[in-house]
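Since we're looking at a predicted model, the values are computed, not measured.
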Amino acid sequence: MNRDMLRTKKTKSAVTGALSPAKTGGRGGGDEAAVWEVRPGGMLVQKRSSDCNQSSATIPTIKVKVKYGSSYHEAKISSQATFGELKKVVARATGLHPEEQKLMYKDRERDSRTFLDVAGVRDGSKVVLMEDEVSRERRYVESQKTAKMEAASREIKAVRLEIDKLAKQVADVEMDVYGGKKVAETVILNMIEVLMTELIKLDGIAAEGDVKLQRRMQVKRVQKYIETLDMLKVKNCTLQSNSKNIRVAFQQQNRITTGQIMPPAPMYNQQKHKNIGGGRFLAGPVVVTTQWETF
C-alpha cells in the first residue's frame, strides 16, 4: 500500500515538474518562470516571446512542398508562420493572388490565421494549392468596379479642366457687361452651348461614392455659370439698345455740326395775288418767323 502511494506521489511530482517554472542557475540564485499557452488546436506549448534576448536561431526554417496542378514549388518559411504568410510566399512563385488560394493540408482546408506548427506542418511536409473560384470571381468584380471608378474619375477631371477655362471667360464677359461694354450676343450664346455640352458629359458618367460627389460638384458649377450667362445676356441686350440710341443721336449731331445735314428752312408767310395782265404775280411783303418745321 505504501509502495502504491509512493508511486502515485512520484507521478504527480513528474507532471508538476513538467509544468512548473524551470530553475536556472545563476549568481542571484533566482528562478525564472516559464509561461505556457494553449494553441488553437489545443496543444499546450511555451508562450512565444518577442524579447530581444531571444535568438532567431531558436525558430527553425522549414521547407514546404506546395503542389499546384501538376507542378511542385518549394517554399522556405518559418515553422511558426501562418498559412496566410505561406500564401504570400506561394503567390510569388505561382502568380496566384493570396485571396484566390486554398491551401489543403491532410485533406483539410486551412485557415489563413492557423499556425503551421499547430497544424502539424514540418520540414518536408506537402501542401496542396487550389484556386478559390469564388474569391477569384469576387476579386474580378471588385477590380472591374475599381477600374470603372478610375475611368469615371478621369472623365470628371477632364470636364473640370474645361469648366475652369470657361469660368475665366464668363468672368471676363461679366466684367465687360457690368462695366458698360457691349459684348456680341453670339459670344454669350456659344459659351452657353459649350457649358450645356459639358453638362451632358457629366450626366453620362456613372459614378459612386466619392466620384459621384465630385460629379455633383461639377454639375452645380456648370448650372451656376449658365444662369450667370442668361442674366448677362439680358443685361447685354439692354445695354446694346441704349448705346445704339446714344450713338444715333451723336451721329446726327455730328453731321449737323460738320454741315453734312442742313438745318430745316424757316417758314415763310406768303400772300398770293391775282394774276394781272401777262400772267405776272406781285409778291407781297415777306414775314420771317423763328418757328422750325417739325419733321
Give the cluster check for [X] versus [Y]: same hydrophobic cluster or not, with ILVMFWY residues linked at side-chain heavy-atom distances below 4.5 Å.
X	Y	value
Leu103	Val118	no
Met130	Val127	no
Phe115	Val66	no
Ile77	Val128	no
Met149	Met217	no

To the nearest 0.5 Å, tell me how far [X] [atom1] sits from [Y] [atom2].
X	Y	atom1	atom2	result
Glu109	Thr114	CD	OG1	10.0 Å
Glu198	Arg160	CD	CZ	12.5 Å
Ile156	Leu213	CD1	CG	9.5 Å
Asn190	Leu166	CG	CG	11.0 Å
Gln80	Thr61	CD	OG1	10.5 Å
Leu229	Met196	CG	CE	12.0 Å

For Val90 and Leu96, run side-chain contact (heavy atoms from CB on, under 4.5 Å): C-alpha distance rounded to whole Å, both residues' side-chain angles, the deciding distance at 0.1 Å, then the answer. CA-CA 8 Å; Val90 173; Leu96 191 62; over 6 Å; no
If you look at every heavy atom in [X] and [Y], which pair is closest and at what distance?
X	Y	result
Gln214	Ser153	OE1-OG, 4.1 Å
Ala81	Glu85	CB-OE1, 2.8 Å
Ile205	Ala152	CG2-CB, 3.7 Å
Ser112	Lys87	OG-NZ, 3.0 Å

Do Arg215 and Gln218 have side-chain atoms, one donor and one acceptor, less than 3.5 Å apart? no
Are more than 12 heavy atoms from other residues, nucleotides or ligands located less than 6.0 Å from atom [atom1] of [X]?
X	atom1	result
Met104	CE	yes
Tyr140	OH	no
Glu133	CD	yes

Main chain of Gly120, side chain of Tyr105: is a donor-acceptor contact present, judged purely on distance under 3.5 Å? yes
Exam field: side chain Thr228 to backbone Lys224, donor-acceptor pair closer than 3.5 Å: yes
Applying side-chain contact (heavy atoms from CB on, under 4.5 Å), run through Asp203 and Leu199 and close with a yes or a no. CA-CA 6 Å; Asp203 187 63; Leu199 190 62; 6.0 Å; no
Side-chain contact, heavy-atom cut-off 4.5 Å: [X] with [Y]?
X	Y	answer
Leu129	Gln101	yes
Asp164	Arg221	yes
Lys76	Val89	no
Val121	Phe83	yes
Ile59	Ser79	yes
Thr82	Arg113	no
Met191	Ile188	no

Is a salt bridge present between Lys145 and Glu208, judged by a nitrogen-to-oxygen distance below 4.0 Å? yes
